[in-house]
Amino acid sequence: VSSVAFANSGMTNVAVFDYIAYVCSAARIVMVDVSNVTTPSEIGEFGDSVLNGYGDRCAVNTLGATPFLVDVVGQDSGPEENLAVFSLANPKSPALLAIASTQYSHMENLSFFTNSVNNYGVVTTSYITYSTVNGAILSQTGDFLVFDFTNPAAPVLLATTVAGESNTNLKP
């Protein structure tokens, strides 16, 4: 139908809330107004100082009292990734709520669900190791993580499910 050009870097994914497409990349999150799909327009960007070129994937949670966006962020100093949580109380002006550290890396998919009291985020990790000699896959590794986002400013890891006895077994 249409397109809009803007500066962004690396792979991106898109999360939509309140007619705003949040285009998440390694360096920043660009906001695109998509209320009229024939004339989308960039309305701003944020996250530069938090992502520092290590942003990965993002998702929006609209299930709680206040919507928020979570971006998975890598670190310079190690393999662990963090969860950068931004309030979308004002969707055109996201505010950083927290940078929650985790002991996990290779976080791939993030989705949310809620019950009558709590707000949960479910994350899978997934990666392979392979031979640099012949390219053969040596192992596939992954975990299933559940975080409590009832207070988005202080996410808490609740549970981890690991399939198999070792990291060489098939995991989710």
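Keep in mind the model is a prediction, meaning the values are calculated, not measured. Positions are given from 1 along the sequence.
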Please report the closest heavy-atom contact between [X] and [Y], naming both atoms and the distance.
X: Ala84; Y: Val50; result: CB-CG1, 3.7 Å
X: Ala26; Y: Leu51; result: O-CB, 3.3 Å
X: Pro155; Y: Ala98; result: CD-CB, 4.5 Å
X: Leu69; Y: Cys24; result: CD1-SG, 4.4 Å

Determine, using the 4.5 Å side-chain heavy-atom cutoff (strictly less than), whether [X] and [Y] are members of one ILVMFWY cluster.
X: Phe144; Y: Leu158; result: yes
X: Val23; Y: Ile29; result: no
X: Val60; Y: Met107; result: no
X: Ile20; Y: Val16; result: no
X: Val70; Y: Val122; result: no

Got a sec, which pairs hit ring-ring contact (aromatic ring centres under 6.0 Å, His included) with one end in residues 11-53, sequence neighbours left out?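 ring-ring contact (aromatic ring centres under 6.0 Å, His included) check on residues 11-53 returns Phe46-Phe86.
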
Keeping [X] on the side-chain end and [Y] on the backbone end, is there a donor-acceptor pair under 3.5 Å?
X: Arg57; Y: Glu108; value: yes
X: Gln103; Y: Glu80; value: no
X: Thr125; Y: Asp143; value: yes
X: Asp33; Y: Ser35; value: yes
X: Ser2; Y: Val37; value: yes

Hey, are the side chains of [X] and [Y] touching, using non-hydrogen atoms and a 4.5 Å cut-off?
X: Val72; Y: Leu83; result: yes
X: Thr102; Y: Leu157; result: no
X: Val85; Y: Phe149; result: yes

List the atom pairs, donor and acceptor, that lie under 3.5 Å between side-chain atoms in residues 109-121 and the rest of the protein, sequence neighbours left out.
{"residue": "Asn109", "atom": "ND2", "partner": "Thr124", "partner atom": "OG1", "Å": "3.3"}
{"residue": "Thr114", "atom": "OG1", "partner": "Asn118", "partner atom": "O", "Å": "2.5"}
{"residue": "Asn115", "atom": "OD1", "partner": "Val117", "partner atom": "N", "Å": "2.8"}
{"residue": "Asn115", "atom": "OD1", "partner": "Asn118", "partner atom": "N", "Å": "2.6"}
{"residue": "Asn118", "atom": "ND2", "partner": "Tyr120", "partner atom": "OH", "Å": "3.1"}
{"residue": "Asn118", "atom": "ND2", "partner": "Asp148", "partner atom": "OD2", "Å": "3.4"}
{"residue": "Asn119", "atom": "OD1", "partner": "Asn61", "partner atom": "ND2", "Å": "2.8"}

Can you measure from NE2 (His106) to OG (Ser126) and round to the nearest 0.5 angstrom?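 Taking NE2 in His106 and OG in Ser126, the distance rounds to 9.0 Å.
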
Gap separating the CZ atom of Arg28 from the OG atom of Ser49, nearest 0.5 angstrom: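 Answer rounded to 0.5 Å: 11.5 Å.
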
Could you go step by step and tell me if Ser101 and Ile99 meet the side-chain contact (heavy atoms from CB on, under 4.5 Å) rule? CA-CA 6 Å; Ser101 62; Ile99 300 173; over 6 Å; no

Result block: side-chain N/O donor-acceptor pairs under 3.5 angstrom for residues 87-97, not counting sequence neighbours:
{"residue": "Ser87", "atom": "OG", "partner": "Ala89", "partner atom": "N", "Å": "3.1"}
{"residue": "Asn90", "atom": "OD1", "partner": "Lys92", "partner atom": "N", "Å": "3.2"}

Under 3.5 Å, side-chain donor or acceptor atoms of residues 128-137 against the rest of the protein: list the pairs with distances, not counting sequence neighbours.
{"residue": "Thr129", "atom": "OG1", "partner": "Ser139", "partner atom": "N", "Å": "3.4"}
{"residue": "Thr129", "atom": "OG1", "partner": "Ser139", "partner atom": "OG", "Å": "2.5"}
{"residue": "Ser131", "atom": "OG", "partner": "Val133", "partner atom": "N", "Å": "3.1"}
{"residue": "Ser131", "atom": "OG", "partner": "Asn134", "partner atom": "N", "Å": "3.3"}
{"residue": "Ser131", "atom": "OG", "partner": "Asn134", "partner atom": "OD1", "Å": "3.2"}
{"residue": "Asn134", "atom": "OD1", "partner": "Ala136", "partner atom": "N", "Å": "2.9"}

Using the test side chain to side chain contact (heavy atoms under 4.5 Å, CB included), find all partners of Glu42 that sit at least two apart in sequence or belong to another chain.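 Glu42: side chain to side chain contact (heavy atoms under 4.5 Å, CB included) contacts with Phe6, Val30.
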
Checking Thr38 now: which residues fulfil side chain to side chain contact (heavy atoms under 4.5 Å, CB included) with it, not counting sequence neighbours?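 Once residues adjacent in sequence are excluded, the partners of Thr38 under the side chain to side chain contact (heavy atoms under 4.5 Å, CB included) criterion are Val1, Asn36.
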
